[in-house]
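Report on the structure given below.
FYI, the numbering just counts along the sequence from 1.
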Amino acid sequence: MLAGHVRLLKILFVIISIKLFIVVVFFGYDNTNEVVRPQRFVIIDELLVDKSDEPSWADRLKLIRKEMPSFPLEEMHRRPAGIPKCGKVPNLLEIDFSNDYWQTFTNVNLTYHIFGAYYDNRETMSEAPLVRVLTMINHYGKRGEISYPETFCQIWFKGRVEPVVVNVTDHKLIWYWGGTSAYVFPTLLSCCLPKANDTDAAEAPEMVSLVTQPCNKPRNVMRVIYEPDDSSANATDAPQGRQQEQQQEQTNSTQLQRKPLRFMVCVKAMDFIYKDMSWRLIEWLELMRILGAGKVVFYDSQMHPNMTRVLNDYMQSSPGFVEVWPLSMARGEPHAVPHFQHYVMQENSLNRILNEMIPYNDCFYRNMYKYDYIGVFDIDEVIMPLGNVTNWSDLIDLAYKVPDYQRETWNCSEWASFCFRNVYFPAYPERPKVYKKLPSFYYMLQHVERVSEHCDRFSATKCLHSTRYVIGLHNHFPLFRAGKDECEPKSVPVEYAQLQHYREPDNKTRLLNPIIDDSIWRFQPLLQQRVYAQYERLGFLPSAEQVLNAQEQRIKDDELLLNKSISMG
């Protein structure tokens, strides 16, 4: 028994010894060569948000001017100290804003909605220098029988406390065709500057206000827009003798030796909130550029995102070629709500057409010193030279020489505008493509069938307007001109040029018996290349896989419609 206990104790001793050995070995092992990496905690102390500095005051002024082109915030802030004896510039809270881009002025029973003001010092204007104020007024009457209450312009010059106060000398109603007091009518006011005062005769004023009495404190103030031709600065800096020599040289020069004519295009309010016209806009813009347009100005009245994208791309890739200005309607219709804005423009066509006169004239007066001729077109219209003439500059040279359509002008040497008769190029969707190998997304290049007859000289005509003579623009022709040396607009015969209008005519009988007119194909290689390049850079061209998928989907859709029609039958 005792021997058994002794044996058990020996076994336990051996087991305990082995365990102690293992423990000693484990803790005695040198593990200094192993790297034990501590757990790492990353504290995120930044967010991917805009951390750029606030814009400077100068940059903020530029941003505000872009938002409110006619509001003279910069000019108001740099006014000299002092209180004028007559008239005082209103502060911000004293101005009667109508909506985004309009101010209001009330005189007796008339309400003036003021959009812009412009300095006009053209040599062909007998009343120059003057400030023209572009308004819409709730009053219509026959021209020559309209009576307006007396109104005054307070005109402020840079660095002067006292304004120059003058009468509004006339109201030019830019509309012929009647209306009621429910509408507001485009009207151009004239504020003639004194011929002799303590200002430089060539100095443009900064601001203007309309008031009922000469020394009233106004409740409106507009920037006076004056954008002279920068390229003429070198000529005006030349010594007087050299200037006279240059003028004599220009007088003796022939038309072939003159400087190239400068052209630009003004487009009405772009109301395309639902319909994507971006692809057609690109083709139209590239054709304008080929024909000679140096700039195209648009007014944004709610556009499809793709159209906005196209115009933004042109402004970045071709600076100066495209401009986009903001616009709203005169009576105060909400502009910030796009679907309602579109409804308002479609609901009452006369109200929309009357408002269209504003961007035409604003565009003209902003650019009249920089261009020789200004066209007013829609993006489905092109003044197309014919025959061997392939640009507008050569077309104007030709227009001087050819006869006026259906009118004798033997005693004329200058014209306010050159106008071109309208002819429709409808879509004809039921007819096969004329050029089967040309993709359909070249709209004008593909649509070369037109109605057989041109419209008369007054129906839907469009013109190239001389910036020397025109005063007030309708979308089809000038309603006011200088009346100095120029004659009324000349209608250029259709043998030499035409207005190609890419839409259906109102008179559907004109759709019968179309003819082929592929005059645009003179520009095909260059136009096609430029348009394709724009499609490509904007990502408008689908991949081969997308094309195949679209074709398969169309087949499925056609089969679904066919099965549906069979089952209904």
Side-chain angles (χ1 to χ4, degrees), residues 69-70 98-107 109-118 120 130-149 151 153 168-191 208 210 220 222 224-225 266-271 297-299 301 325-333 335 344-345 348-368 374-378 416-417 462-463 465 470-481:
S70 295
S98 174
N99 62 14
D100 294 345
Y101 315 113
W102 301 79
Q103 297 175 32
T104 56
F105 164 64
T106 301
N107 195 354
N109 62 339
L110 296 187
T111 299
Y112 293 66
H113 302 272
I114 312 170
F115 184 81
Y118 317 89
D120 191 347
L130 72 160
V131 173
R132 300 195 190 273
V133 183
L134 185 58
T135 68
M136 299 279 278
I137 305 178
N138 62 333
H139 184 56
Y140 180 83
K142 290 184 179 180
R143 193 163 293 164
E145 300 177 7
I146 308 173
S147 177
Y148 295 95
T151 304
C153 288
V168 172
T169 54
D170 67 355
H171 290 63
K172 297 185 185 298
L173 179 63
I174 311 174
W175 188 250
Y176 271 137
W177 300 272
T180 68
S181 59
Y183 297 91
V184 288
F185 298 89
T187 309
L188 198 60
L189 280 57
S190 298
C191 308
V208 63
L210 299 179
N220 60 85
M222 304 297 288
V224 176
I225 296 168
C266 301
V267 186
K268 67 181 180 183
M270 296 289 282
D271 178 36
V297 175
F298 297 88
Y299 287 79
S301 185
W325 293 93
L327 183 71
S328 59
M329 300 183 80
R331 293 173 57 255
E333 296 92 331
H335 178 68
V344 170
M345 294 189 72
N348 192 306
S349 58
L350 178 56
N351 185 40
R352 173 179 54 80
I353 293 170
L354 289 167
N355 275 268
E356 285 177 2
M357 304 304 114
I358 296 301
Y360 298 149
N361 287 276
D362 177 70
C363 177
F364 180 88
Y365 276 97
R366 284 180 180 275
N367 295 281
M368 62 182 178
I374 294 178
V376 175
F377 314 146
D378 297 341
S417 309
K462 289 296 175 74
C463 311
H465 304 284
V470 169
I471 295 175
L473 276 179
H474 181 263
N475 54 344
H476 293 297
F477 35 76
L479 295 188
F480 295 96
R481 56 186 177 86

Problem - The single option from Ile225, Leu189, Asp120 passing side-chain contact (heavy atoms from CB on, under 4.5 Å) against Arg132 - result: Asp120
Fill in the blank from the handout: ring pair (Phe, Tyr, Trp, His ring centres under 6.0 Å) filter on His171, not counting sequence neighbours, yields Tyr112, Tyr148
Practice task
Ignoring hydrogens and angles, tell me if any N or O in the side chain of Asn361 forms a donor-acceptor pair with the backbone of Leu473 under 3.5 Å.
Solution key: yes
Handout entry: Distance, nearest 0.5 Å, that separates SG of Cys153 from CG of Leu130
Key = 9.5 Å
Practice task
Could you walk me through whether Ser70 and Trp102 pass side chain to side chain contact (heavy atoms under 4.5 Å, CB included), step by step?
Solution key: CA-CA 9 Å; Ser70 295; Trp102 301 79; over 6 Å; no
Exercise for the section: Measure the NE2-CG distance between His113 and Leu134 for me, rounded to the nearest 0.5 Å. Expected result: 13.0 Å
Handout entry: Non-hydrogen atoms of Phe480 and Leu173 that approach each other most closely
Key = CE1-O, 3.4 Å
Exercise for the section: Determine yes or no for a side-chain-to-main-chain donor-acceptor pair under 3.5 angstrom, with Thr151 supplying the side chain and Pro149 the backbone. Expected result: yes
Handout entry: Donor-acceptor contact below 3.5 Å, side chain Ser301 vs main chain Met270
Key = no
Problem - Min side-chain heavy-atom separation Cys191-Val133 under 4.5 Å - result: yes
Identify all side-chain donor-acceptor contacts of residues 179-188 below 3.5 Å with residues at least two apart in sequence or on another chain.
from	atom 1	to	atom 2	distance (Å)
Thr180	OG1	Ala182	N	3.3
Tyr183	OH	Asn348	OD1	3.3
Tyr183	OH	Asn348	ND2	3.2
Thr187	OG1	Phe185	O	3.0

Exercise for the section: Could you go through the side chain to side chain contact (heavy atoms under 4.5 Å, CB included) check for Ser417 and Val470 one step at a time? Expected result: CA-CA 8 Å; Ser417 309; Val470 169; 3.8 Å; yes
Handout entry: Atom pair CD1/NZ of Ile471 and Lys172 - distance to nearest 0.5 Å
Key = 5.0 Å
Handout entry: Tyr101 side chain reached by Pro326 side chain, heavy atoms, under 4.5 Å
Key = yes
Exercise for the section: Report yes or no: is the cationic atom of Lys462 (NZ for Lys, CZ for Arg) closer than 6.0 Å to the six-membered ring centre of Phe377, at no more than 45° off its axis? Expected result: no
Exercise for the section: Indicate yes or no: at least one non-hydrogen side-chain atom of Cys266 is less than 4.5 angstrom from one of Tyr299. Expected result: no
Handout entry: Smallest separation among heavy atoms of His465 and Pro478, with atom names
Key = CE1-CD, 3.6 Å
Practice task
Fit a plane to each ring of His474 and Phe477, take the angle between them on a 0 to 90° scale, and name the class: parallel (under 30°), tilted (30 to 60°) or perpendicular (over 60°).
Solution key: parallel
Handout entry: Pair Arg366-Tyr118, side-chain donor/acceptor within less than 3.5 Å
Key = no
Problem - Any donor-acceptor N/O pair, Tyr365 side chain to Gly116 backbone, under 3.5 Å - result: no
Completion exercise
Taken to the nearest 0.5 Å, the spacing of Ile174 CD1 from Met357 CE works out to 8.5 Å
Problem - Side chains of Val297 and Val267 in contact at under 4.5 Å (non-hydrogen atoms) - result: no
Handout entry: Spacing of CG belonging to Leu210 relative to CE belonging to Met222, to within rounding of 0.5 Å
Key = 9.0 Å
Handout entry: Trp325 vs Phe298, side chain to side chain contact (heavy atoms under 4.5 Å, CB included): CA-CA, chis, key distance, verdict
Key = CA-CA 6 Å; Trp325 293 93; Phe298 297 88; over 6 Å; no
Problem - Partner set under salt bridge (charged side-chain N to carboxylate O under 4.0 Å, His left out) for Arg331, not counting sequence neighbours - result: Glu333
Exercise for the section: Starting at NZ of Lys268, measure out to CD of Glu356 and round the result to the nearest 0.5 Å. Expected result: 4.0 Å
Practice task
Given side chain to side chain contact (heavy atoms under 4.5 Å, CB included), test Thr104 with Ile114 step by step and report yes or no.
Solution key: CA-CA 6 Å; Thr104 56; Ile114 312 170; over 6 Å; no
Fill in the blank from the handout: Between Ser328 and the options Asn99, Asp100, Asn355, the side-chain hydrogen bond (donor to acceptor under 3.5 Å, both in side chains) test singles out Asn99
